Amino acid sequence: MNILAIETSCDDTCVALVKATGKKWPKFKILSNIVSSQVKIHRKWGGVYPALAKREHQKNLPMVLKRALKKAKSASWRTKIDLIGVTIGPGLEPCLWVGVNFAKKLSQDLETPIIPINHIEAHILVNFVSKSQISNLKSQIFPAVCLVVSGGHTQLIWMRDFGNYEILGETRDDAAGECFDKIARILGLGYPGGPAIESEAAKLQNTNYKLQIKLPRPMIFQKNYDFSFSGLKTAVLYDFKKRPPKVRKSKIYIRKMAKESQRAIVDVLTKKTFKAAKEYKAKSLILGGGVAANKELRKQFKVQSSKLKINFLVPPKKFCTDNAAMIAASTYYQWLKRGTEGWGEIGADANLRLG
Ligand code: KG4
Ligand code: ZN
């Protein structure tokens, strides 16, 4: 089954061509996976500006498709594509429509069926693209607790099996990635903030320099599985403002603040996720979304899951941030489950929910 997948839910224009085979544990061969990032354009706003992102998607999508086809060496692709998959939500509505309309047009031109894809589910299912990750686990993977942490979402999900989800908790305000982005902006580190904060934090040497920074861990001890990150960003802003300009511009302050912010976010995510894993007696922990690329988060999850003796699945870093290979994988799973009929009219849904 040759799948052409399209993803435009935020600020990356992505197209992938993937060959998928098999049923229970499918095999995926990624022929091409092109990501055209708009980071440079959004940098000056310190975050994604939807109208601008939509315009860029419109401009870039035909070129990105061409590059994906070229990379896959798919000259006669018109006869070779069996299925088209496209992200319909959740995400930024104007951006989603660009991908959806493009996919619909292609589907008509090629007379190829189209399957609508949930972006959050794709962040989870990309974990099953890498063979080495699951080859030894298989029967023990489910039920699993999944944490999807990205620029737009922070959700803790109970996954009984493929396609069977229940949201246990989510953020009440900012997403974890958004918190990284906002803190980076306060510190003047640019966008996207997650990688910038990670890299500043890593530069901090052991030092006796007496600069104390202690941030809150919002909702860490609350009984529910919800999150809240906007207070953390405000705490960083207060601390930043109360420091003399000389201090807050210093490398040591920026690095210490980066490290403490990263710690605070990772502490909350780890504590709540593993509380859910214990309570629900999960067999695995599945991580996904852009923030899953964070080394400290990956390390804490690895340590905690090995203490709890449960599986830990995390995608390679390049599959954590938005890409269309994850959309292709989801498309195949949906096809296995429901085939190509009965999907109804396909349209964007900015607030699409799992479950
Ligand atoms: O999944 P994604 O590419 O897009 C959305 O669906 O939102 O996630 C992007 C988010 C951004 O907020 C970015 O700062 C964050 O993921 N991110 C990271 C890292 N790499 C990307 N956060 C922490 N550490 C990283 N290494
Ligand atoms: Zn995403």
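Read the numbers this way: they start at 1 and go in the same order the structure lists the ligands and their atoms. Values in this document were obtained by computation on a predicted structure and should not be read as measured data. One is the number of the first residue; the rest follow in order along the sequence.
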Please check: side-chain N/O of K29 versus main-chain N/O of T21, any donor-acceptor pairing under 3.5 Å?
no
Considering only residues two or more places apart or on different chains, which pairs with a residue in residues 333-344 satisfy side chain to side chain donor-acceptor pair (under 3.5 Å)?
E121-Q334
Should L65 and L106 count as side-chain neighbours, where that means a heavy-atom distance under 4.5 Å?
yes
Strictly by modelled atom types, are D173 and S228 linked by a side-chain donor-acceptor pair under 3.5 Å?
yes
Which residue supplies the protein heavy atom nearest to atom 11 (C) of ligand 1, what is that atom called, and how far is it?
D181 OD2, 3.6 Å
For atom 20 (N) of ligand 1, the option (of G151, G194, G290) bearing the nearest heavy atom
G290
With side chains defined as the heavy atoms from C-beta onward, is the minimum distance between I310 and V145 less than 4.5 Å?
no
Side-chain touch D181/P192, heavy atoms, less than 4.5 angstrom:
yes
Decide whether an N or O pair under 3.5 Å exists between F180 and ligand 1.
no
Out of all atoms in ligand 1, which are within 4.0 Å of some heavy atom of P192? Include the element for each.
14 (O)
What I'd like to find out is whether the side chain of V48 reaches to under 4.5 Å of the side chain of Y191, using heavy atoms alone.
yes
Could you check whether F28 and F128 have their ring centres less than 6.0 Å apart?
no
Flag for Y280-E166: side-chain donor and acceptor within less than 3.5 Å
no
Near S150, which atoms of ligand 1 are under 4.0 Å from a heavy atom of that residue?
1 (O), 5 (C), 6 (O), 7 (O), 8 (O)
For ligand 1, which atoms sit closer than 4.0 Å to a heavy atom of G177?
12 (O)
Heavy atoms, side chains only, cut-off 4.5 Å: are F301 and V314 in contact?
no
For ligand 1, find out whether one of its N or O atoms is nearer than 3.5 Å to an N or O atom of H123.
yes
May I ask you to check if R248 and Y253 form a cation-pi contact, with NZ or CZ under 6.0 angstrom from the six-membered ring centre and within 45° of the axis?
no
The atoms of ligand 1 lying under 4.0 Å from a heavy atom of G152, numbered in the order shown, are 7 (O)
Side chains of S9 and H119: do they bring a donor and an acceptor to under 3.5 Å?
yes
Which is it for H119 and ligand 1 at heavy atoms under 4.0 Å: side chain, backbone, both or neither?
side chain
With heavy-atom distances below 4.0 Å as the criterion, list the atoms of ligand 1 near G193.
14 (O)
Using a 4.0 Å heavy-atom cut-off, say whether H153 meets ligand 1 through its side chain, its backbone, both or neither.
neither
Suppose I only count heavy atoms of T321 and a 4.0 Å limit; which atoms of ligand 1 are within that range?
3 (O), 21 (C)
So do Y332 and M1 actually touch side chain to side chain, heavy atoms under 4.5 Å?
yes
Among N323, I120, N294, closest by any non-hydrogen atom to atom 24 (N) of ligand 1
N294
Nearest non-hydrogen protein atom to atom 26 (N) of ligand 1, with distance, is E198 OE1, 2.6 Å
Does C10 have a non-hydrogen atom less than 4.0 Å from ligand 1?
no
Distance alone, cut at 3.5 Å: any donor-acceptor contact between the side chains of N294 and K299?
no
Identify, for atom 4 (O) of ligand 1, the protein heavy atom at the shortest distance, and state residue, atom and that distance.
D322 OD2, 3.1 Å
Number of protein N, O or S atoms [distance to the Zn ion (ligand 2) under 2.8 Å]:
3
